Amino acid sequence: MGKKIFFISRRMLLFVAGALGMLLLVLFFNATGIFTDYIVQIINISLINVILAVSLNLINGFTGQFSIGHMGFAAVGAYTSATVTTLIAKVTPRLPYTEFININGYIVFILALLLGGIVAAGIGFLIGFPSLRLKGDYLAIITLGFGEIIRTIFNNIDYVGGPRGLLGIPKFSNLIMIFVITLLSVIAIRNLVFSTHGRALLSIRENELASELVGVNTVRYKITAFTIGAFFAGIAGGLQAHLLQIAHPTQYGFLYSILVLIMVYAGGMGSITGSIIAAFALTFLSEGLRTALPGLGDLMHVKIGDEWRMVVYSLLLIIIMLFRTEVLMGMREMKLLVPEEEEHHGQHA
Amino acid sequence: MDSMLSLEKVTHYFGGLKAVSNFNLELPDGALYGLIGPNGAGKTTIFNLITGIYTPTEGSIKLMNESIIRKKPYQIVHMGIARTFQNLRIFGSLSVLDNIRISRHYTVGKSKHTGNRKHKESSDLVQTNLFDSFFRTRNYLKAERQITDEAIDLLKLIKLDDVMHEQAKSLPYGKLRKLEIARALATHPSVLLLDEPAAGMNPAEIGELMDLIHFIRDNFKITILLIEHHMKVVMGICEYIKVIDFGETIAEGKPVEVANNPRVIEAYLGKEEGKCS
Amino acid sequence: MSTFFQQLLNGIQLGSIYALIALGYTMVYGIVRLINFAHGDFFMIGAYAAYGLYYALGRLFGAGNPGANYLVLFLLVLGGAMLAGGFAAVTANRVAYKPLRDKPRLSSLITAIGVSMFIEYFFSALPAIGPSFRGFPEVFPKTIIKIGTASVSNYVIIDVAVAATLMVVLTLLVKFSKVGKAMRAVSQDKEAAKLMGINIETIIGVTFLIGGAFAGVAGLLSGLTYPRIFPYMGILPGLKAFIAAVLGGIGNIPGAMLGSYIMGIAETYANAANSLIGEGIAFAILIVVLLIRPQGILGEKTADKI
């Protein structure tokens, strides 16, 4: 047993310290101009994608369900939280929200984020129910349909801008804010999956009937996985809306859901570490291609549109599926994420 | 007689097909019974009825005089019935230890935690909920430790402790069968249902298995009902045998009586003057 | 009353197009248990092939000029759409799905999503095609026929007739031909079919070929009827046809036809009532079916052996 300092193990402290170190490094590079604001923005988006990938991994990778409408939950979180903050910003125009020192503004933001997460969790709870009767591909279609329905609904609600999207969202999300929330989300999900509840989820993935017949309430756990996964997706959606200052129905389409799915698969089903690395790698790859491909086009004197980026992405997905045996991490975790007492008998086989 | 598990007039239809018909069974506390019959006789269906996977069309099933009909499978496990499967259903990519720890999970999921209060039974666990695991509270860590310790103790008893950190699917077949039995035992059952535990085993492993079943019955003081095709196992360890065919009981009694029963011989080998088919 | 009848006709027309797509979904699912997400894109490829072929032939034979033999031209374009759809399906099967046959089903499902995305973006990335809409030519001159108070375009008749002919041919093929019997055998039990000397991969290939060819035809018909084509045009009809297949009972050929007509008619009426309902009706049907009767109208319940 490791020494407990406020119930936090030494290893977890090391993990947090390491992450904070990286944050400081980024802030330092940004201050000295080595990292442009553009790079910091990509890091912001990567961090948000980390939350999305890890939370989808909880549903697909750990519990063995098959959800491909994850951005639907993010949309719910984004619209909910952004509606609250824009409303309050309108009612109390004197609060300078965008300043970090303004505590009131941030309290409002955090509460709005939580609300967004909770509403998304409520939707996740409902979406969990079809998972009780449906498996695999059928469930995939239902979740896909759900994502599209959510989008259609936001597209048709005038109060949140309809097809124009919700504009003028106050910019609350910044690197530090996103970093802290991402870190907390990752730790929460890590704590969950390395617990007895996490093992219950894994057993559903491994063999649902056997799981039920060793006493796991599989109904409850499947719905729990959807609820918790949706909660964090909602938080991520809220963070993103307050970073980009817009919530638009097309932001939460099928494509983004698939990108998150690729992150989960590329990183390894059931590996938090893998999802983190893949979220960063693929976000940077995507942004890199956005600049590299037109650059390449300039060299070859042809115009290369954004579509080629998606061609590369989809080829990547096919190649991963065709050649993967254990992509990136497989089911392994980095040591810092494995609790000391699970050193030998975690699922990192 | 003190009956642990009793099935009365249990009948089950699949569509129009009568899979189990008017089946009765009284399983006394501490008994070791065998259930045999040709393929498709309805043996596994009876297990599925007892464990709540199917609900019987008619009849009653009681565990210690409490009806378990319409209970969910996991609730029936909590009440004290555990089983193994004819086709192995192991949590393959998890470690052997985790396979066992999952069985000890259910006491942990029950809403409120009970602090350090002493429990009647030593096997009872400190209960924790999701939030305990999110925040890794002291209580929670204690419960986790207790689960792990119990699981390791069980593996030592069953002699699987040398492979406890291995991935389950890497084990040889005989050990997988053993692991499945251990996993069922880890739910602390009063009744253990074994579905063809000797299937696919070699003679040496079968000898070990018979010892293991005896050991379990004596050591854990539980009641065992066993489906088996392997006559050496059934005749060797069961005290009482029920033979079914086409969902109906065709004979029952002590192993010697059953073995000499003409209807049993007929069910297994066909009628002597039967036409060639 | 006449609008009611008019809508019914429109619904049947739309249903015919869905049916041609849905058949491919259902046949492929019946045989390899794969929801071929890229199936809607074979539909798109068929439409583009027809478009390209029409203009190519037009240059050669002066089609579009008065006096051209429209029937021959139409049949040539139809054949081209079939070939293109079938070829795309067979290629996708060989390259992306075949290597994953023994892997978990979800792997091939995700691969199918990848294939679908690849086809769509590749088409819109190609300078010759591009992401924007194109008007579809009147391969066959459009005429309006009056039946009582309702007016019917000859395209309705073409759509329904082509779909009906192909469906009859398919039904006969599956029922009586050697290949059809082999297909049914493979969908029942792959292992047993293999032991009976059936070359599974050939049969799977034939299934993809037929499914893709039908989708290609649907692409042509859709281009004629709703004269606008673009690289993403397969997504929604594909999804709706899939839902129609689920509604009828996936893996079941008559089910796919029935489901498609129900879907087409329901969507037409819903759209007439309110466009938002029209957009959502397919998913609403899906959710209701999956919750009430997941095996679909004509499908059979399957149970896992425990």
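This is a predicted model, so every value here is computed, not measured. Throughout, a chain's letter reflects where its sequence line sits, starting with A, and its residues are numbered from 1.
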Could you pull out all residues at least two apart from A/K222 that satisfy salt bridge (Lys or Arg N to Asp or Glu O under 4.0 Å)? A/E208
Would you mind reporting whether A/L202 and B/L94 have side-chain heavy atoms less than 4.5 Å apart? yes
Once side chain to side chain donor-acceptor pair (under 3.5 Å) is applied, what residue pairs with a partner in residues 64-77 of chain B remain, sequence neighbours excluded? A/N217-B/Y74
Look only at the side chain of A/E206 and the backbone of B/S93, and say whether a donor-acceptor pair between them is shorter than 3.5 Å. yes
B/Y140 to A/F194 - nearest heavy-atom pair and separation: OH-O, 3.7 Å
Atom OG1 in B/T51, atom CD in A/E212: separation rounded to 0.5 Å? 10.0 Å
Nearest 0.5 Å, please: how far is CG in B/N48 from CG in A/L209? 8.0 Å
Considering only heavy atoms from C-beta outward, does the side chain of A/R199 approach that of B/N99 to under 4.5 Å? no
In terms of heavy-atom proximity below 4.5 Å to chain B, should A/T224 be classed as side chain, backbone, both, or neither? side chain
Crowding at CZ, A/F125 (>12 non-hydrogen neighbours, <6.0 Å): no
Counting N and O atoms only, with roles assigned by atom type, does the side chain of A/H197 sit under 3.5 Å from a partner on the main chain of B/S133, one being a donor and the other an acceptor? no
Applying the side chain to side chain contact (heavy atoms under 4.5 Å, CB included) criterion to B/L130, which one of A/T227, A/N191, A/L192 satisfies it? A/L192
Give, as side chain, backbone, both or neither, the part of A/I228 having an atom under 4.5 angstrom from any heavy atom of chain B. side chain
Using only atom types and a distance under 3.5 Å, with no angle test, would you say the side chain of B/E144 pairs donor to acceptor with the backbone of A/S195? no
When you look at CZ of B/F215, are more than 12 heavy atoms from neighbouring residues, nucleotides or ligands closer to it than 6.0 Å? yes
Just wondering, do B/F91 and A/I204 contact through their side chains at under 4.5 Å, heavy atoms? no
So how far is it from B/I76 CD1 to A/L213 CG, rounded to the nearest 0.5 Å? 8.5 Å
Nearest non-hydrogen partners of B/R89 and A/A210, listed with the distance: O-CB, 3.5 Å
Do A/V214 and B/V77 have side-chain heavy atoms sitting under 4.5 Å apart? no
